[in-house]
Amino acid sequence: MEPQRKRRKGSACDTDSWVAYPVLSDEQSQDVELIEAFAAPIVDKKETSRLVRELNGLYPMITLQHIKRVRACKEEGSPHPLEVLVCLVSDAHGQEKMVSIDSLLPSDFRRDGLGEPFVVKVPARPPLTRPQFEIASKHWPLAFHEDKQVTVALKGELFSPLQKAKMHMYMTTALTAAKAGREGGMEAVGAVAVDPAMDRIIAVSHDCRGKHPLHHAVMVCIDLVARSQGGGCYSYDQYPACHFSSPSSNPFENTSEGEPAFQPYICTGYDLYVTREPCVMCAMALVHSRIGRVFYGTTSADGALGTKYKLHTQKDLNHRFEVYRGLLSKQCEDLNGLEDHFEKEHLKE
Amino acid sequence: MNCSFTDLEENTLIAKDALSNGEVPVGCLLVHQNQVIGRGRNQVNQSKNATRHAEMVAVDQLLDWCRHRNRDVRAVCERTALYVTVEPCVMCTAALRLLHVPVVVFGCRNERFGGCGSVLDVASADLPRTGTKFKVCEGHRSDEAIQMLKTFYKQENPNGDQTHTHTHTHTHTHCVHICVLCTFLFPHLFISLFLLPFFLHFDSFSLFFNRVPSFLCLSSFFLLFSFL
Ligand SMILES: [Zn+2]
Ligand SMILES: [Zn+2]
């Protein structure tokens, strides 16, 4: 009774011990940028729709389509109920920040119902995430086209307990491979390629830098995936912890005649679990291989999926993918903990 | 064996071989002290491994070369130059850094994946744990490299999606411009300063490369003034 209870409790706690957070693009994760604009009180509410229409014609503010032109007045008991954006400070050429409404509007503009302008700060770009929206809307009301998945992911709640249990299992496999690599004198990094549609491990690898300086765990994993498809360039027979399984071992899939049911193409649709954030070479190798998603445990100093670069969100590249960090972060950190600490100290000197 | 124009022509031949095999026509040579110790062409389709770029194939040959001669890989790489028809991609650029290769000479730019300035500048980025930064010289025989890529993208690619390069005709750098200017003004200077290094020892070659652009720039200004 006692051991069983302990085990159940242990595994439940394990999946609760980590949270998978998305690694978002710079645009999605940066601070809200503000830009100065002139606003003016609408003292006569009946003039509102005319003023908005005519101001839109005069100062269209094309770059600020996400901003609402009118806002309800913030302070209670304010003499005017509404405020309207007149123009950007940069639109009013060479104006001081203390201006009169007359200097902002042409003489034929009917300024009935409009009060004297004042400077406000409005968000310069449309918000891409809920945190950005919440901060931005404190400055001026704005529209937000919410990506619900990003909102849930940012809260660390994207994956169900069942999904987390699977992710936990795959990362544990990567950790085991990493330890095997470390025992062989290599860096303690492990990787696992998974076909999420079949819930199946395609390849398991660890760092093999002993024989080849570029055989980082991810590069080995990519080559093992190629092996599983009848390609590949290297033999890792001397590393028993590096292995692959062919996705077409099902006899119904691999008929010699007729249409093949499904031909896997490089890493398309596969997930990669790796104990630490890939370097530039490995991250770009994953772009070339059309990886589906990447999950890593801990960040690395020169990492290219979040730390130094975000290759998975790079606009100029032809393939993008989702990246999540933090899986079994504690265990993954412990793998490299001592080395990293030593290297950091070394770099400081 | 000299690192002469025959070697550089061989580079083009390797790329042409890739073209006839349905791979992206990128050819490269690794030259260590006047000797070609690695050559490669794209093997992505053949290996079903999207990382089998010409540079990676050539690096494997370099490693074999070191293994057979019992030479230290890092020591060899530190005295090796890469000649490649197209700017190395981000992955290969990082790989060359990790190997501590000090000089890369390429023909045309790689606007889709280039790691030496086109998409990212990984060659000179501050990445203390990703090997050593390296020097880049671009524009060498770029017209031929571009022509081959154009041929490649015109012909039907039997393996569908193929990813390596996309080129712009605007590939000549100021380095090449200055060289052209110099040839125009004073051919002997061009021959002695730009061509000669290729026939010399690699060490002197790299030494020259550090100085050639500024040297040529100064010389061309000097010549311009003397003409006026
Ligand atoms: Zn790597
Ligand atoms: Zn490459």
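Chain letters run A, B, ... following the sequence lines, proteins first and then strands; every chain starts at 1.
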What part of [X] is in contact with chain A, defined as an atom under 4.5 angstrom from a non-hydrogen atom: side chain, backbone, both or neither?
X	answer
B:Arg67	side chain
B:Val59	side chain
B:Leu127	both

Return the orientation label for the B:His32 and B:Trp65 ring planes: parallel under 30°, perpendicular over 60°, tilted otherwise.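 Because their plane-to-plane angle is over 60°, the rings of B:His32 and B:Trp65 count as perpendicular.
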Quick one: does A:Glu277's side chain have a donor or acceptor within less than 3.5 Å of a partner on A:Thr307's backbone?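 Checked: pair present.
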Is the side chain of A:Ser289 donor-acceptor paired with the backbone N or O of A:Leu286 at a distance under 3.5 Å, no angle test?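 No, the answer is negative, given that no donor and acceptor are paired below the 3.5 Å cut-off.
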Is it true that A:Glu187 and A:Arg182 have a side-chain N and a carboxylate O under 4.0 angstrom from each other?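 Looking at A:Glu187 and A:Arg182, the cut-off is not met.
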Candidates A:Tyr324, A:Tyr170, A:Tyr296 - the one meeting ring pair (Phe, Tyr, Trp, His ring centres under 6.0 Å) with A:Tyr273: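 Of A:Tyr324, A:Tyr170, A:Tyr296, ring pair (Phe, Tyr, Trp, His ring centres under 6.0 Å) with A:Tyr273 is met by A:Tyr170 alone.
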Which bit of A:His216 comes within less than 4.5 Å of chain B, counting heavy atoms only: side chain, backbone, both or neither?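 The answer is the side chain of A:His216.
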With chain A as the partner, which of B:Met91, B:Arg74, B:Met56 has the greatest number of non-hydrogen pairs under 4.5 Å?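 That would be B:Met91.
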Greatest number of heavy atom pairs closer than 4.5 Å to chain B - which of A:Met284, A:Lys315, A:His212, A:Lys308: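 That would be A:Met284.
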